Amino acid sequence: MRFTLRQLSYFVAAGETGSVTRASEQVNISQPSISAAISHLETEFGVQLFVRHHAQGLSLTPAGQRLMVAAKEALRSSYSLYEVASSAMGAVAGPINVGSFRTFAPLIMPELWRGFVARHPDVRMHVTEGSEAELLEGLRTARIDLALTYEISMTAEMEFVPLAELPTYVLLAADHPLAARPSLKLADLEAEPFVLLDLPLTRQYFLSLFDRAGCAPRIAAETSAPSALRSYVAAGIGYSLMTVRPKNMAAENGLPLAYVELLEDCPPMKVGLAYLKELRRSRVAEEFEIFCRELIREGGLPGMVPAGGTA
């Protein structure tokens, strides 16, 4: 071969960050070394790997996207040599990039991250946050190894390992007249203003609940930030729908919230780990799945009220 694993790692860093500058910071090497590695690979393979955007970084070409998947697999295979040695010593070591759905990141991921690294100190863990659509793209391009997300986002090229089921709740300001109800239907809220979580796929899911119930929401506000949504609701801008129910029942603006059971014919949302089928899992990824199963089975999802429980 007339290229090195180091050159592949520089290419992967540039593809993941979309920037020679950020790639050099990530792998702690000079920018000219990153650029030289990319140029060498383009010459060696006879294809253009990136489109250079003036003052706006890099974007992968279709050939670059395919090489990204193959390069990540090649690097994974090289790491497996270390895994063989580590396994002989009874250790789990190496890098793992975990994708996290944005609403899970502040609740579930901190405890998973801390606990997993405490169990396996030689693991280098990185977490990438995103919407369901962004996580799927990260899996397809091998920027992330696995993703903690919902099953509804899965495509045929993905494998999904379910971990827990989450019912949908009506989110209200604590002083809202309907907050004291034990349960609500969407028809009870038809005259109320609605705050929509505007994330790809998530948006469609929540709006589909209204379609199934035969009513339409009165959308008063839209936001892609779960923290902003909680504050809008707590301030009385409107109600919303959520499947994540934090143990902390106050919004980021300090105002209290109420979660009321939603009585509709809708199955609970399944949360779990997603993988790209064509990529072989590393031992670190396998151990992370085992750890997630253990932690979630022992006491529900970290940072959240168990289904049916009270805060």
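Just the heavy atoms: all of them, side chains too, but no hydrogens, waters or symmetry mates, feed the values below. Everything numeric in this text was worked out from a predicted model, so none of it was measured.
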For [X], enumerate each residue passing the salt bridge (charged side-chain N to carboxylate O under 4.0 Å, His left out) test, keeping only those at least two apart in sequence or located in another chain.
X      : result
Glu159 : Arg281
Arg119 : Glu294
Glu264 : none
Glu137 : Arg140

For Ala63, all residues meeting side-chain contact (heavy atoms from CB on, under 4.5 Å), sequence neighbours excluded: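 Ala63 satisfies side-chain contact (heavy atoms from CB on, under 4.5 Å) with Val47, Thr61, Arg66 once adjacent residues are dropped.
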(request) Can you see which heavy atom on Leu262 is nearest to which on Val170, and at what distance? (result)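 Reported closest heavy-atom pair: CD1-CG2, 3.8 Å.
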query = Which atoms form the tightest heavy-atom contact between Val271 and Leu148, and what is the distance?
reply =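 Scanning both residues, the minimum pair turns out to be CG2-CD1, 4.3 Å.
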query = Can you pull the salt bridge (charged side-chain N to carboxylate O under 4.0 Å, His left out) pairs that have at least one residue in residues 221-240, sequence neighbours excluded?
reply =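 Every salt bridge (charged side-chain N to carboxylate O under 4.0 Å, His left out) pair that includes a residue of residues 221-240, provided the two are not neighbours, is Arg203-Glu222, Arg230-Glu252.
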State whether the side chain of [X] and the backbone N or O of [Y] hold a donor-acceptor pair below 3.5 Å, judged by distance alone.
X      : Y     : result
Ser35  : Pro32 : no
Glu16  : Ala13 : no
Thr128 : Gly99 : no

Exercise. Quick one: are Gln26 and His126 in side-chain contact, heavy atoms under 4.5 Å?
Worked result: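 A side-chain contact is absent here, since even the closest heavy-atom pair is not under 4.5 Å.
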Exercise. State, yes or no, whether a side-chain contact exists between Leu60 and Phe11 at a heavy-atom distance under 4.5 Å.
Key: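 The answer is yes, as the side chains (C-beta and beyond) meet within the 4.5 Å cut-off.
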Does [X] have any side chain to side chain donor-acceptor pair (under 3.5 Å) partners at least two apart in sequence or in another chain, and if so, which?
X      : answer
Arg52  : Glu42
Arg22  : none
His120 : none
Ser227 : none

query = In terms of the angle between their ring planes, are Phe210 and Tyr239 parallel, tilted or perpendicular, with boundaries placed at 30° and 60°?
reply =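 Tilted, since the angle between the ring planes falls between 30° and 60°.
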query: How are the rings of Tyr150 and Phe104 set relative to one another: parallel (under 30°), tilted (30 to 60°) or perpendicular (over 60°)?
result: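 It falls in the perpendicular class, over 60°.
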Quiz item: Does any pair with a residue in residues 208-218 pass side chain to side chain donor-acceptor pair (under 3.5 Å), and if so which ones, sequence neighbours excluded?
Solution: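 Side chain to side chain donor-acceptor pair (under 3.5 Å) check on residues 208-218 returns no pairs.
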| request: Would you mind listing every side chain to side chain donor-acceptor pair (under 3.5 Å) that reaches into residues 173-196, with sequence neighbours excluded? | output: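 For residues 173-196: His176-Glu192.
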